[in-house]
Amino acid sequence: MNIGIAGAGLCGRLLAWQLLRAGHRVTLFERDGSGAQSAGFIAAAMLAPFSEAVAGSADILTPGLQALQDWPAWLAQLARDSGCAVPFGCEGSVVVAHGSDRAELHWFYRRLQGMAAPAAGDCRLLDGPALRQLEPGLGAFTQGLWLPGEGWLDNRALYQALDGAIVALGGQWRQGHTVSAVTPAGLVTDGATLPFERVLDCRGFGARDQLANFRGVRGEVLRVYTPEVQLRRPVRLMHPRYQLYVVPRPAGIYVIGATEIESESLAPVTVRSCLELLSALYTVHPGFAEAQVLEARAHCRPAFADHLPHIIQRGALLQVNGLYRHGYLLAPAVVNSVLSLLAGGEVLAPVQHEVADGPNLTCQRPPARPRGIKP
Ligand SMILES: Cc1cc2nc3c(=O)[nH]c(=O)nc-3n(C[C@H](O)[C@H](O)[C@H](O)COP(=O)(O)OP(=O)(O)OC[C@H]3O[C@@H](n4cnc5c(N)ncnc54)[C@H](O)[C@@H]3O)c2cc1C
């Protein structure tokens, strides 16, 4: 099939790669040259099914655990297709809290124990010595919760590898092309309608005006560099008002995140968010005091009201969106659902499949306007 994809962020790139592998012809349209303005590029790219199920819906636990199996196989295939290895870790993650916030840690643990998945039973509380044996850098804490198997991947290396694989497999890139409309017959860019047999709309937050019950949820992240701190695993700090996570990358880089604010503003990171994130970071390990702040970025997580991914089917058009804060975690379920639908099959849980009548894509909502950031 001849397939046009609007948006080359996380979802668009992964789908292009997998569809090319399945023998389809693919053209990928991206408004920004490299995808550096996508949510997937700034994300922490944690693969954290336990933590995300506790923070959100238990529906994502089983598919999230499945993703921990799927990603290594994907990355091995991607290395063969692109010649690029993507750094990936799956040595579990650790949740910690300072003494006065210990109740938050225990609440987290109780929520986890209440989940039906047998794997949740492997998560366990560690005392101070056991915690330090696992992560020597966490000497500031006397207790921690160990979540085995949780992981992370280097999203920027992933983007680069996907670029290489898409080119190697014969995909057509149309970088710097804004898609102004998608229809079952094709997509509109630079004033022309380009016909395709199938159209996939993967514009994330950029598709907000064509989707009902859809919103962006602002998130801010920092990247810091320090050779003073050695953490092998993602660390999540529980706090009554905000949670912090620290996710390692190769060569002394850490991604620090993330705020979650009911705002669709794409404005730069605020002083308040920087202060909160960096103050909390400093309490995880004093060695972060001298860390260099390399980057501060904000984006909007694309979300439907139920916070689950949706595929809305309008004839030959599939609108694939709503990956919210689980884009990396649920990517295998979403991508495999699209492949399955194109082959006449069903979607995989927790992906929601809607079949819409008619080609009318405009939804009744006011045009996008910047809104203040709520505290
Ligand atoms: C701060 C933050 C932290 C996150 N951390 C994690 C995490 O740790 N783990 C996890 O699993 N998920 C995380 N996520 C979520 C994840 O990043 C998203 O769910 C995922 O990126 C959504 O993928 P997408 O392809 O739908 O959208 P995006 O990745 O945003 O890609 C959309 C693409 O479409 C392009 N586009 C938009 N409009 C147009 C147009 N009109 N024409 C052409 N191109 C267009 C954009 O430029 C972009 O490249 C995080 C998100 C944020 C914001």
Side-chain angles (χ1 to χ4, degrees), residues 4-16 28-49 51-52 55-56 60 63-64 67-68 71 93 150-155 158-159 162 174-182 187-190 200-211 214 216-223 234 236 245-247 255-261 264 266 269 273 277 295-304 307-311 319-335 338 368:
I5 300 181
L10 175 63
C11 213
R13 268 166 213 251
L14 283 171
L15 277 166
L28 197 50
F29 296 82
E30 169 57 48
R31 68 179 169 192
D32 132 47
S34 58
Q37 305 304 323
S38 66
F41 190 80
I42 75 152
M46 263 190 304
L47 304 171
S51 315
E52 291 299 318
I60 63 173
L68 292 171
W71 270 109
S93 72
E150 288 203 341
W152 59 274
L153 59 83
D154 185 336
N155 48 334
L158 175 75
Y159 268 43
L162 287 168
R174 298 284 182 269
Q175 286 172 336
H177 288 265
T178 296
V179 174
S180 54
V182 287
L187 47 78
V188 182
T189 181
D190 302 327
L200 304 184
D201 184 2
C202 301
R203 289 177 293 162
F205 179 59
R208 78 180 281 286
D209 292 333
Q210 294 189 333
L211 294 167
F214 181 84
V217 180
R218 179 175 162 95
E220 294 150 300
V221 282
L222 309 174
R223 281 186 175 230
R236 198 177 283 259
Y245 54 70
V246 182
V247 186
V255 183
I256 315 302
T259 59
E260 176 145 348
I261 299 169
E264 293 187 327
L266 291 170
V269 177
S273 295
L277 290 172
E295 195 179 295
R297 298 281 304 270
H299 211 296
C300 284
R301 305 170 179 95
F304 287 100
H307 291 169
L308 293 174
H310 287 228
I311 301 176
Q319 295 169 285
V320 187
N321 217 318
L323 276 69
Y324 184 44
R325 49 186 278 170
H326 315 123
Y328 286 87
L329 187 64
L330 298 183
V334 172
V335 168
V338 172

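Order of listing sets the numbers, starting from 1, for every ligand and every atom in it.
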message = Check contact between Phe205 and ligand 1, using heavy atoms of the residue and a distance below 4.0 angstrom.
response = no
note = For Tyr328, the ligand 1 atoms with a heavy-atom partner under 4.0 Å come out as 10 (C), 11 (O), 12 (N)
message = If you compare all heavy atoms of Ala258 against all heavy atoms of Tyr245, which two are closest, and at what distance to 0.1 Å?
response = CB-OH, 3.2 Å
ask   = When only distance counts, is Glu30 in polar contact with ligand 1, meaning an N/O pair under 3.5 Å?
value = yes
query = Of the backbone atoms (N, CA, C, O) and the side-chain heavy atoms from C-beta on, which set of Ala48 has a member under 4.0 Å from an atom of ligand 1: side chain, backbone, both, or neither?
reply = neither
query = Which part of Ala6 is near ligand 1, with near meaning a heavy atom under 4.0 Å away: side chain, backbone, both or neither?
reply = neither
task = Counting heavy atoms only, name the option from Met46, Arg325, Arg208 that's nearest to atom 8 (O) of ligand 1.
result = Met46
note = Quick look: Arg297 vs ligand 1, heavy-atom contacts under 4.0 Å, and the answer is neither
key: Distance, nearest 0.5 Å, that separates CD of Glu295 from CD1 of Ile256   = 12.0 Å
ask   = Checking side chain to side chain contact (heavy atoms under 4.5 Å, CB included) for the pair Ser51/Glu150: CA distance, chi angles, key distance, verdict?
value = CA-CA 9 Å; Ser51 315; Glu150 288 203 341; 3.1 Å; yes
query = Does ligand 1 have an atom that lies less than 4.0 angstrom from a heavy atom of Glu52?
reply = no
ask   = ligand 1 and Ala45, any nitrogen or oxygen pair closer than 3.5 angstrom?
value = yes
query = Does some non-hydrogen atom of Cys202 fall short of 4.0 Å from ligand 1?
reply = yes
query = Any N or O of Glu220 that comes nearer than 3.5 Å to an N or O of ligand 1?
reply = no
ask   = Looking only at heavy atoms of Arg301, does any of them come nearer than 4.0 Å to an atom of ligand 1?
value = yes
query = If every non-hydrogen atom of Pro49 is compared with every non-hydrogen atom of Leu68, which pair is closest and at what distance?
reply = CG-CD1, 3.6 Å
ask   = Which atoms of ligand 1 are found less than 4.0 Å from any heavy atom of Cys11?
value = 24 (P), 25 (O)
inquiry  = If the cut-off is 4.0 Å to any non-hydrogen atom of Tyr324, which atoms of ligand 1 fall inside it?
reply    = 15 (C), 16 (C), 18 (C), 19 (O)
query = Does any N/O atom on Leu329 come nearer than 3.5 Å to any N/O atom on ligand 1?
reply = yes
message = Under 4.0 Å, heavy-atom basis, I'd like to know which part of Phe41 is in contact with ligand 1: side chain, backbone, both or neither.
response = neither
ask   = If you measure every N/O of Val320 against every N/O of ligand 1, is any gap under 3.5 Å?
value = no
ask   = Between Leu158 and Tyr328, does a side chain to side chain contact (heavy atoms under 4.5 Å, CB included) hold up when you go through it step by step?
value = CA-CA 11 Å; Leu158 175 75; Tyr328 286 87; 3.7 Å; yes
request  = Answer yes or no: is there a side-chain heavy-atom contact under 4.5 Å between His299 and Leu266?
outcome  = yes
message = Only heavy atoms of Arg203, strictly under 4.0 Å: list the atoms of ligand 1 that pass.
response = 32 (C), 34 (O), 37 (C), 38 (N), 39 (C), 40 (C), 41 (N), 45 (C)
ask   = Under 3.5 Å between some N or O of ligand 1 and some N or O of Ala258?
value = no
query = Mind checking whether His299 has an N or O less than 3.5 Å away from an N or O of ligand 1?
reply = no
inquiry  = Pairs of nitrogen or oxygen atoms closer than 3.5 Å, one from Ile42 and one from ligand 1: do any exist?
reply    = no
inquiry  = Show me which atoms of ligand 1 lie under 4.0 Å from any heavy atom of Gly9.
reply    = 25 (O), 29 (O), 31 (O), 33 (C), 49 (O)
note = Under 4.0 Å from one or more heavy atoms of Gly206, ligand 1 contributes atoms 37 (C), 38 (N)
ask   = So is Gly40 polar-close to ligand 1, meaning N/O to N/O under 3.5 Å?
value = yes
key: Tyr245 neighbourhood, listing ligand 1 atoms whose heavy-atom distance to it stays under 4.0 Å   = 3 (C), 5 (N)
request  = Give the intermediate values and the outcome of side chain to side chain contact (heavy atoms under 4.5 Å, CB included) for residues Arg174 and Thr189.
outcome  = CA-CA 10 Å; Arg174 298 284 182 269; Thr189 181; over 6 Å; no
query = Rounded to the nearest 0.5 Å, how far does CZ of Phe205 lie from CZ of Phe214?
reply = 7.5 Å
request  = Test side chain to side chain contact (heavy atoms under 4.5 Å, CB included) on Leu47 and Leu153 and set out the steps.
outcome  = CA-CA 8 Å; Leu47 304 171; Leu153 59 83; 4.2 Å; yes
message = Are Leu330 and Tyr324 packed together at the side-chain level, in the sense that at least one heavy-atom pair is separated by less than 4.5 angstrom?
response = no
message = Parallel, tilted or perpendicular: which one describes the rings of Phe29 and His177, with boundaries at 30° and 60°?
response = perpendicular
task = Of the side chain and backbone of Arg31, name the one, both, or neither that has a heavy atom under 4.0 Å from an atom of ligand 1.
result = both
task = Please state whether Gly257 comes within less than 4.0 angstrom of ligand 1, counting heavy atoms only.
result = no
inquiry  = Suppose I only count heavy atoms of Val221 and a 4.0 Å limit; which atoms of ligand 1 are within that range?
reply    = 1 (C)
Ligand 1 contacted by Trp152 (non-hydrogen, < 4.0 Å) = no
